[in-house]
Amino acid sequence: MNGCITWKQKLAAGALAASVLAGAPLAGAATLDGTVGATSSGTVDVQILVPNLVLVENLDDITLNYVPAGGDVSVSEPFCVWATPGTLYDITISSLTNTGATNFVATGTASNVNYSVDFDDNAAGVSWEGVTEGVTLDNGGTGYTPANNAAPGCSADNSALRVTAAESGNLDAAAADVYGDTLTLLVTPI
């Protein structure tokens, strides 16, 4: 009989310990459970974590149409950079040809032509910065300001690329062909 009583006492003590643990918040937890009664209330802390998100959009293909003896050819392409509020960004523009230089290379069937790329964080292109392939532009270390509407995306473009192919010793020496390359724009939140 004593074994039965001892077992019941241990069960009761275990149930009491479990109920105390169930009603107590864990160390470091943000919740507070209520107690048994006619009413009971508890608290729950809520945290919403929104990381620095970025979006580059509204990009279009760029076509430069060279007219022999017509001079250098240049085309601007406005686009959008968006980020969550309070986020600035850096941008890295790289190419399939991976030159690591300011001269980008568009390849043709039998030869290549060179071109340069400039970036501006204004769609109107008021202050162009020369791009070195694969090197991050960081606005002198301060980053660029994106659009930060509540929903991702821009109501208007806010940045631009300019691609220029020089005529002398480049386009005027190239064989008739279609020369191509692909630029990758990597926008990084800071």
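In this chain, residues are counted from 1 in sequence order.
For Asp60, the CG atom sits in a packed shell: over 12 heavy atoms of surrounding residues, nucleotides or ligands are nearer than 6.0 Å.
Val105 is not connected to Val163 by any chain of hydrophobic side-chain contacts under 4.5 Å among Ile, Leu, Val, Met, Phe, Trp and Tyr, and they are in different clusters. Linking ILVMFWY side-chain heavy atoms closer than 4.5 Å, directly or via other members, places Leu59 and Val131 in a single hydrophobic cluster. In the hydrophobic clustering of ILVMFWY residues, with side-chain heavy atoms under 4.5 Å counting as a link, Val46 and Leu32 come out apart. Val135 and Val187 are assigned to two separate hydrophobic clusters, defined by single-linkage of ILVMFWY side chains at heavy-atom distances under 4.5 Å. Note: the hydrophobic cluster containing Leu64 also contains Phe79 (ILVMFWY, side chain heavy atoms under 4.5 Å, direct or indirect links).
Side-chain N or O atoms of Asn170 include none that pairs as donor or acceptor with a backbone N or O of Glu167 at under 3.5 Å. In this structure a side-chain-to-backbone donor-acceptor pair under 3.5 Å is missing from Asp177 to Tyr179. Checking side-chain atoms of Asn149 against main-chain N and O of Gly153 turns up a donor-acceptor pair under 3.5 Å. Looking at Asn58, its side chain never comes within 3.5 Å of a backbone N or O of Pro78 through a donor-acceptor pair. Remark: side-chain polar atoms of Asp120 are paired, donor with acceptor, to backbone N or O of Ser127 under 3.5 angstrom. Asn139 places no side-chain N or O within 3.5 Å of a backbone atom of Gly141 that could act as its donor or acceptor partner.
Atoms CD and CG, from Glu133 and Asn103 in turn, are 11.5 Å apart once rounded to the nearest 0.5 Å. Atoms CG and OG, on Asp33 and Ser40 in that order, are 8.0 Å from each other to the nearest 0.5 Å. For the atom pair Glu77 CD and Asp157 CG, the distance stands at 7.5 Å (nearest 0.5 Å). Going from atom OG1 of Thr87 over to atom CG of Leu53 covers 7.5 Å, rounded to the nearest 0.5 Å. For the atom pair Leu186 CG and Ile93 CD1, the distance stands at 10.0 Å (nearest 0.5 Å). Here the straight-line distance linking atom CG of Leu96 with atom OG1 of Thr182 works out to 4.0 Å at 0.5 Å rounding.
With contacts defined as side-chain heavy-atom distances shorter than 4.5 Å, the pair Val81/Tyr144 does not qualify. Side-chain contact between Thr145 and Leu88 is present, with heavy atoms from C-beta onward closer than 4.5 Å. Put simply, the side chain of Val117 reaches to within 4.5 Å of the side chain of Leu161, judged on heavy atoms. A heavy-atom distance below 4.5 Å is found between the side chains of Tyr115 and Asp181.
Minimum interatomic distance between Phe119 and Ser159 (heavy atoms only, all atoms of both residues): CE1-CB, 4.0 Å. When all heavy atoms of Trp128 and Ser76 are compared, the closest pair comes out as CZ2-OG, 3.7 Å. Closest of all the heavy-atom pairs between Ala101 and Phe104 is O-CE1, 4.2 Å. The minimum heavy-atom distance between Ala160 and Asn122, with the atom names listed, is CB-O, 3.9 Å.
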Check the pair Tyr89, Asn52 against side-chain contact (heavy atoms from CB on, under 4.5 Å), reporting the backbone distance first and the verdict last.
CA-CA 10 Å; Tyr89 73 93; Asn52 291 338; over 6 Å; no

Apply side-chain contact (heavy atoms from CB on, under 4.5 Å) to the pair Thr188 and Val54, showing each step before the final yes or no.
CA-CA 7 Å; Thr188 307; Val54 291; over 6 Å; no

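Between the side chains of Ser95 and Thr97, at least one donor-acceptor pair of N or O atoms lies under 3.5 Å. Checking Asp72 against Thr164 by side-chain atom types alone, no donor-acceptor pair falls below 3.5 Å. No side-chain donor from either of Thr136 and Asp90 sits under 3.5 Å from a side-chain acceptor of the other.
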